[in-house]
Amino acid sequence: MATDPSDPAEYVEAVLDLVERIPPGRVMSYGAIAEALAPRFGRGGARRVGTIMALHGGSVAWYRVVNASGRTPPGHELAARRRLLAEGVAFRGERVDMARHAWFPDE
DNA sequence: GGGGTGACCCAGT
DNA sequence: TACTGGGCCACCC
């Protein structure tokens, strides 16, 4: 079906689809996204998710995706911070308070 | 076939 | 907290 691991485009779609499901005020790390899709696609990794976001993130809520440390993507720190603050996400200095806002599809 | 690159991650210092 | 080194995987020359 649409989840054909042999088609790279399907993985991209799955990543973007998952990002769209992140509730406002919550965030996910690149690694967490890779982990969440692992059962379905098996392949991929945090690094790949990052590349996908860099290329196609513009069409989704890219600012809800941060690295494992809670840092916002390079070059977009200000924009990400503004949007996240507007959604009620707490910051600790320059990073998101992951312990408080990290989200996982299971919820 | 070989080597460099990247919106990553983790452990060690 | 910051920096370093190793591992990771797909993509591009």
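Proteins come first, then strands; the chains are lettered A, B, ... in the order of their sequence lines, and each starts at number 1.
Nucleic acid contact for A/R92: none, since no nucleic acid atom lies under 4.0 Å from a heavy atom of the residue.
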Quick one: what's the B/S/- string for nucleotides 7-13 of chain B, heavy-atom cutoff under 4.0 Å, read 5' to 3'? BBSS---
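Within the 4.5 Å cutoff, the side chain of A/L85 has no heavy atoms near those of the A/R82 side chain. Looking at heavy atoms from C-beta onward, A/V15 lies in side-chain contact with A/M53 at the 4.5 angstrom threshold.
The closest donor-acceptor contact from the side chain of A/R64 to the backbone of A/V27 lies at 3.5 Å or more, if one exists at all.
Considering CD1 of A/I52 and OH of A/Y30, their distance stands at 11.5 Å, rounded to 0.5 Å. Residue A/I33 holds its CD1 atom at 9.5 Å from CH2 of A/W103, rounded to the nearest 0.5 Å. Atoms CZ and CD, from A/F41 and A/E10 in turn, are 6.5 Å apart once rounded to the nearest 0.5 Å. For the atom pair CG of A/L84 and CG of A/D97, the computed distance is 12.0 Å after rounding to the nearest 0.5 Å.
Taking a heavy-atom distance under 4.0 Å as the criterion, the stretch of DNA chain C touched by chain A extends 5' to 3' from C/dA2 to C/dA10.
In the displayed structure, A/E87 atom CD is contacted under 6.0 Å by more than 12 heavy atoms of other residues, nucleotides or ligands.
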